[in-house]
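A short worksheet on the structure shown next.
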There are 2 protein chains.
Amino acid sequence: MDATHPQLALDRQICLPLYAASRAVTRRYGELLTEVGLTYPQYLCLLALWDAGEPLAVGELGARLHLDSGTLTPVLKRLQSAGLVTRTRDRNDERRVLVAPTPEGRRMRERVADVPTRLVEGLAMSESDGRTLRRLLDRLIAELED
Amino acid sequence: MDATHPQLALDRQICLPLYAASRAVTRRYGELLTEVGLTYPQYLCLLALWDAGEPLAVGELGARLHLDSGTLTPVLKRLQSAGLVTRTRDRNDERRVLVAPTPEGRRMRERVADVPTRLVEGLAMSESDGRTLRRLLDRLIAELED
DNA sequence: CGCAATTGAATTGCACGCAATAGAGTTGCG
DNA sequence: CGCAACTCTATTGCGTGCAATTCAATTGCG
């Protein structure tokens, strides 16, 4: 490899480890989640809904997950087909669609409760490293989504 | 949100910021790369090929980018259609397909030389934070790809 | 040497991501 | 009130990612 444009050297890129690590984590989650029939984005949607404790509009869900309706609509339709969430027009604002977990969607919470734990086991990442990583990633997100 | 299974709280997940940051970076690269007609994975393939300085088999490229042939084959075909790389059976091992940049593929290096710089500008990430981030991500990748 | 096991790439099928656009509903301003 | 501007979700089109499978080429073992 030649010496011009050293900023193009593969081992100088931050973007590649970020991209590879994100996919590695998603892949590992995927392996654990197929056991209960979920994909990773579907799991994230449920996490956000459980967390909220009340129905969320598609846009509110998207704000929490940094995803838009183009991505969420088909994911939510699949969750609906699986009987895990309901999608209802907001009677107070017919533009909005409210998403809420069904009873079966709430039961799923128990079924995936051990997934984050199983994933973190086997990672040699300390509590402190985890906080550092989060802080750096959150800053990156904030700076890129202005 | 209820207090059971605190490990399922959305703001406790490392995976979500990792996923969101990776997509934010990829999206930003995508914006800069459309100017020259490249996608982010296509750009990564070219980076790896320029870096290697010699033809790479699909598998070797995949090892560098952590991608498999199922993903790479269509990406490489599009790069070939765009006239940026050649794909040739290895005469010494007909199972392998060697990928190499064309002259136009090499010229592309000049055209994207400012892309990483433009992306890093506007990020308030210090040299030291960048190294920390890389180290943590590389460890994560190593532990998940065993 | 002969052939079963292995390797490398391509193919298939499915689920994202995301830009761009469409289309329905709501708001705010004159 | 009327309607243009805006908001929210859905749709479209394209390019990944990835597991599973297929197919051809090579290797290694008896």
Side-chain angles (χ1 to χ4, degrees), chain A residues 16 19-35 37-45 55-63 65-82 85 87-99 144-145, chain B residues 16 19-35 37-45 55-63 65-82 85 87-99 144-145:
Chain A
L16 179 54
Y19 174 66
S22 172
R23 286 185 298 104
V25 168
T26 300
R27 197 159 48 240
R28 181 76 186 112
Y29 264 104
E31 291 167 7
L32 300 176
L33 289 170
T34 47
E35 298 174 12
L38 289 177
T39 65
Y40 179 67
Q42 289 168 12
Y43 166 76
L44 287 182
C45 286
L56 289 180
V58 173
E60 295 168 337
L61 196 50
L65 303 182
H66 307 270
L67 288 169
D68 68 6
S69 72
T71 299
L72 283 175
T73 296
V75 172
L76 294 172
K77 282 185 175 177
R78 278 185 281 272
L79 283 173
Q80 184 180 32
S81 303
V85 307
R87 291 163 65 242
T88 328
R89 286 278 160 197
D90 184 344
R91 305 300 291 277
N92 295 118
D93 183 345
E94 296 275 348
R95 290 171 305 184
R96 290 155 45 100
V97 167
L98 295 177
V99 184
L144 286 168
E145 290 188 349
Chain B
L16 180 54
Y19 174 67
S22 172
R23 287 184 298 104
V25 168
T26 301
R27 196 159 49 237
R28 182 76 184 112
Y29 264 104
E31 291 167 8
L32 300 176
L33 290 169
T34 47
E35 297 174 11
L38 289 176
T39 64
Y40 180 67
Q42 290 167 11
Y43 165 77
L44 287 182
C45 287
L56 290 179
V58 173
E60 295 167 337
L61 196 51
L65 304 182
H66 307 271
L67 288 169
D68 67 7
S69 73
T71 299
L72 284 176
T73 296
V75 172
L76 295 171
K77 283 185 174 177
R78 277 185 281 272
L79 283 174
Q80 185 180 32
S81 302
V85 306
R87 292 164 63 243
T88 329
R89 286 276 159 198
D90 184 342
R91 304 299 291 277
N92 295 117
D93 183 344
E94 296 275 350
R95 288 171 305 184
R96 290 154 46 96
V97 168
L98 296 176
V99 185
L144 286 168
E145 288 187 351

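Chain letters run A, B, ... following the sequence lines, proteins first, then strands; residues in each count from 1. Heavy atoms only: backbone and side chains are in, while hydrogens, waters and symmetry mates are out. Treat the numbers as computed from the prediction; the structure is a model and nothing was measured.
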TODO: Could you check A/R78 against A/R91 and say which one's nearest nucleotide on DNA chain C is further toward the 5' end?
DONE: A/R78

Open item on the list: Rounding to an integer number of Å, can you tell me how far B/L56 CG sits from C/dG8 P?
Closed with: 14 Å

Open item on the list: For a quick test of reading the model: is some side-chain N or O of A/R87 closer than 4.0 Å to OP1 or OP2 of D/dA10?
Closed with: yes

- [ ] Nearest whole angstrom, please: distance from the C1' of C/dC16 to the CG of A/L61.
- [x] 15 Å

Task: Minimum-distance nucleotide (side-chain atoms of B/E94 versus C/dG25, D/dT16, D/dA25) - done: D/dA25

TODO: Please check the phosphate of C/dT11 (OP1 and OP2 only) for any side-chain N or O of B/K77 closer than 4.0 Å.
DONE: yes

TODO: Starting from the C-alpha separation in whole Å, work towards a yes-or-no answer on side-chain contact (heavy atoms from CB on, under 4.5 Å) for A/V75 and A/C45.
DONE: CA-CA 8 Å; A/V75 172; A/C45 286; 4.0 Å; yes

Could you list all N or O pairs between the protein and nucleotides 3-6 of chain C that sit under 3.5 Å apart?
none

TODO: Starting from P on C/dA15, measure out to CD on A/Q80 and report it in whole angstrom.
DONE: 15 Å

- [ ] Measure from the side chain of B/V58, starting at C-beta and using heavy atoms only, and say which of C/dA15, C/dA10, D/dT16 lies closest.
- [x] C/dA10

Task: Side-chain (B/R78) to main-chain (B/T39) donor-acceptor, under 3.5 angstrom - done: no

Task: Distance in angstrom units between B/E31 CD and C/dA19 P, rounded - done: 7 Å

Open item on the list: What's B/T39 touching, base or sugar-phosphate or nothing? Going by heavy atoms closer than 4.0 Å.
Closed with: sugar-phosphate

Task: Atom pair distance, as rounded to whole Å: CZ in B/R27 and P in C/dC16 - done: 17 Å

Open item on the list: To check you understand the geometry: which heavy-atom pair defines the closest contact between A/H66 and B/A20, and what is its length?
Closed with: CD2-CB, 3.7 Å

TODO: Round to a whole Å and report the spacing from CD of A/E60 to C1' of D/dC8.
DONE: 11 Å

Open item on the list: By the 4.0 Å heavy-atom rule, please label B/G70 as base, sugar-phosphate, or nothing.
Closed with: base

Task: B/R23 side-chain proximity, nearest of D/dT9, C/dA15, C/dC18 - done: C/dC18

Open item on the list: My understanding is that only residues two or more places apart in sequence, or in another chain, count here; which of them pass side chain to side chain contact (heavy atoms under 4.5 Å, CB included) with A/E60?
Closed with: A/L56, A/A57, A/R64, A/R96

Open item on the list: Going by side chain to side chain contact (heavy atoms under 4.5 Å, CB included), B/P55 matches just one of B/L61, B/L98, B/V99. Which one?
Closed with: B/L98

Task: Closest-nucleotide 5' rank along DNA chain D - winner of A/D93 and B/T71 - done: A/D93

Task: B/V58 to B/L72 - nearest heavy-atom pair and separation - done: O-CD1, 3.6 Å

- [ ] Grab the two heavy atoms, one from A/Y40 and one from A/T26, that are nearest each other, plus how far apart they are.
- [x] CD2-CG2, 3.6 Å

Task: Residue mapping more 5' on DNA chain D - nearest nucleotide basis, A/L72 or B/N92 - done: A/L72

Open item on the list: By nearest atom, which of the nucleotides C/dA9, C/dA19, D/dT9 is closest to the B/A57 side chain?
Closed with: C/dA9

Task: Length of the line joining B/R28:CZ and C/dA19:P, which is rounded to integer Å - done: 12 Å

TODO: Spell out yes or no: do the side chain of B/T73 and the base of C/dA9 have one donor N/O and one acceptor N/O closer than 3.5 Å?
DONE: no

Open item on the list: Let's see if you can work this out: which of D/dT9, C/dA9, C/dC16 has an atom nearest to the side-chain heavy atoms of A/R96?
Closed with: D/dT9

Task: For atom CZ of B/R89 and atom C1' of D/dC23, their distance in whole Å - done: 10 Å

TODO: Under the side-chain hydrogen bond (donor to acceptor under 3.5 Å, both in side chains) rule, collect the residues that match up with A/S69, sequence neighbours excluded.
DONE: none

